[in-house]
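Computation of the quantities below employed the complete heavy-atom set of this structure, encompassing side-chain atoms and omitting hydrogens, waters and symmetry-equivalent molecules.
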Amino acid sequence: MRLALVEAERGRGTTHPNPMVGAVIVREGQVVASGFHERAGLPHAEVIALRAAGDIPLHDCTIYVTLEPCSHHGRTPPCADAVIQAGFARVVCGMIDPNPLVGGRGIERIRAAGIDVVVGVLEAECRALNEAFITAFTCGRPWVSAKIASSLDGRIATRTGHSQWITGAEARLHGHTLRASHDAILVGSGTLHADRPRLTARIPGQNPRQPHRYAIDTRLRIADDAPLLDVREAPVTLLCGPDAPAERARQLQDRGVDVQPIEARDSGMSISAILALLMRRGQLSLLVEGGATLIGSFFDAQAVDRLWLYQAPIVIGGRAAAMSVAGVGIDALPEATRARHLHVQPLGDDILIRADFRVA
């Protein structure tokens, strides 16, 4: 199953909106074939592994697969049928598919054919592989990561607004890999106007997948020369208020910019409405890059699954210096959002803290 997980990882960034899946065929303790799902519309991992096995008889083989073989017709035929027709002695599955079109039916079909099935091997690792896919079906919203680069005292800029760069080159490069691993990226209006971001994934020597870029701009005041408006780099959507100037919206749309009105709340735009928009578009993972008000709003809405905190070994200080998380906040400490898992690693002179608030 660990080998199947390695196979599945080969599809990272290319399988959207499908999950990453790996398969390994074993006979008498020896791997005879393997495969992974590469792209939506192409054969699934089980079929790729079967093709790699060629003419090898499979009646005494076990197939290990990270996700339950599908049982419905989508862009490709059901993998459960292919597994049955191959005549495996045993199927070892990492986890049940959360898609209600499958949801255990593939396993039932395989067992009904007289094949031995084991479910739940390295299940935690298999679930971690497809956090966004699972969250979409279990929570009805995208998987949300928040990214913060701060000083030791939690500041993301000085009192004059100077913020580039708090962290070093290694931390910034890691941040770009995060962008490439998400379907969408979002910043608030403060970051949009102060930092003039491009919001693209830039990794030397690579041509990474680009996230769909979103920015909140209530009145569509973005400058005409803002780097974000270069739609050749990646799609961009501006989230505006219902009363944003219609003429300005048309000007931006003529440049290829998508403009989407979002309902407002007392403290800002509706987080649930933003997440619903992404779900309608099939964008199952979102990276929220700031600023403090926007990230605070997501925490207030209890919609942050993971925090990536890049912390530099500096102290900025100052009552007027920007904090890392704003929003409404809590009244009492027992109400605080508590991480379930923490992982800390050095990145050059900085440290990266990954805080998981929800496990898929």
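Closest of all the heavy-atom pairs between G106 and E68 is N-OE2, 2.8 Å. Scanning both residues, I96 and G103, for their nearest heavy atoms gives CG2-C, 3.9 Å. In plain terms, the two heavy atoms of S151 and I166 that are nearest each other are N-CG2, 4.1 Å. Here the closest heavy-atom approach between residue S145 and residue H182 is recorded as OG-NE2, 3.1 Å. A33 and A49 make their closest contact through CB-O, 3.5 Å (heavy atoms, listed as atom of the first residue, atom of the second, distance). Taking each heavy atom of I115 and I84 in turn, the nearest pair found is CD1-CA, 4.0 Å.
Annotation: Q302, atom CD; neighbour count of heavy atoms from other residues, nucleotides and ligands within 6.0 Å does not exceed 12.
Note on ring orientation: taking the six-membered ring where Trp is involved, the planes of W308 and H174 are tilted (angle from 30° to 60°).
Tracing side-chain contacts under 4.5 Å through hydrophobic residues (I, L, V, M, F, W, Y), one never reaches L284 starting from I185; they form parts of separate clusters. L294 and W143 end up in different hydrophobic clusters when Ile, Leu, Val, Met, Phe, Trp and Tyr side chains are linked at under 4.5 Å. Residues I295 and V304 share a single hydrophobic cluster, defined by chaining ILVMFWY side chains whose heavy atoms lie under 4.5 Å apart. V236 and L220 fall within a single hydrophobic cluster, where Ile, Leu, Val, Met, Phe, Trp and Tyr are joined by side-chain heavy atoms under 4.5 Å apart, directly or via other members. At a threshold of 4.5 Å between side-chain heavy atoms, the hydrophobic network of Ile, Leu, Val, Met, Phe, Trp and Tyr places L122 and I63 in two separate groups.
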Point to revise | Residues R155, I314; criterion side chain to side chain contact (heavy atoms under 4.5 Å, CB included); working and verdict | key: CA-CA 10 Å; R155 298 296 198 266; I314 60 174; over 6 Å; no
Point to revise | Verdict with supporting geometry, C240 and D217, side chain to side chain contact (heavy atoms under 4.5 Å, CB included) | key: CA-CA 5 Å; C240 64; D217 192 8; 5.8 Å; no
Point to revise | R111/E108 under salt bridge (Lys or Arg N to Asp or Glu O under 4.0 Å): CA gap, chis, key distance, verdict | key: CA-CA 5 Å; R111 280 182 173 148; E108 291 173 2; over 6 Å; no
Exercise for review: Please step through side chain to side chain contact (heavy atoms under 4.5 Å, CB included) for the pair L239 and L277, ending with a clear verdict.
Suggested key: CA-CA 10 Å; L239 306 176; L277 172 64; 3.8 Å; yes
Practice item. Show the numbers, then the answer: is there a side chain to side chain contact (heavy atoms under 4.5 Å, CB included) between R172 and T167? Key: CA-CA 7 Å; R172 296 199 299 274; T167 53; 3.9 Å; yes
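Tested against Q251 for a side chain to side chain donor-acceptor pair (under 3.5 Å), the candidates Q253, R248, R255 yield a single pass: R248. Checked against D356 for a side chain to side chain donor-acceptor pair (under 3.5 Å), the options H341, R306, R340, H343 give a single hit: R306. When each of D195, I156, I316 is paired with S163, the side-chain contact (heavy atoms from CB on, under 4.5 Å) condition holds for D195 and for no other.
For the pair H176 (side chain) and T200 (backbone), a donor-acceptor distance under 3.5 Å is present. Formation of a donor-acceptor pair under 3.5 Å by the E123 side chain with backbone atoms of M95 is not found in this model.
Residues R10 and E7 are paired through a salt bridge, judged by an N-O separation under 4.0 Å between the basic side chain and the carboxylate. No salt bridge links R105 with D97; every basic N to acidic carboxylate O contact stays at or beyond 4.0 Å. Checked for salt-bridge contact, D225 and R196 meet the test: a charged N lies under 4.0 Å from a carboxylate O. Electrostatic pairing of E131 and R358 does not count as a salt bridge here, judged by no charged N lying under 4.0 Å from a carboxylate O. For the pair R141 and D305, the salt-bridge criterion is met [side-chain N within less than 4.0 Å of a carboxylate O].
Separation of atoms CG (L286) and CG (D183) is listed at 9.0 Å; rounding is to 0.5 Å. Distance CG/L352 to NZ/K147: 10.5 Å, rounded to 0.5 Å. Put simply, OG1 on T62 and CD on E28 are 10.5 Å apart, with the number rounded to the nearest 0.5 Å.
Counting heavy atoms from C-beta outward, E125 and M1 have side chains that stay 4.5 Å or more apart. Residues L307 and F357 meet the side-chain proximity criterion, which asks for heavy atoms closer than 4.5 Å. Considering only heavy atoms from C-beta on, I110 comes within 4.5 Å of P69 through its side chain. Within the 4.5 Å cutoff, the side chain of H212 has heavy atoms near those of the T237 side chain. Side chains of V21 and H44 form no contact here, defined as non-hydrogen atoms less than 4.5 Å apart.
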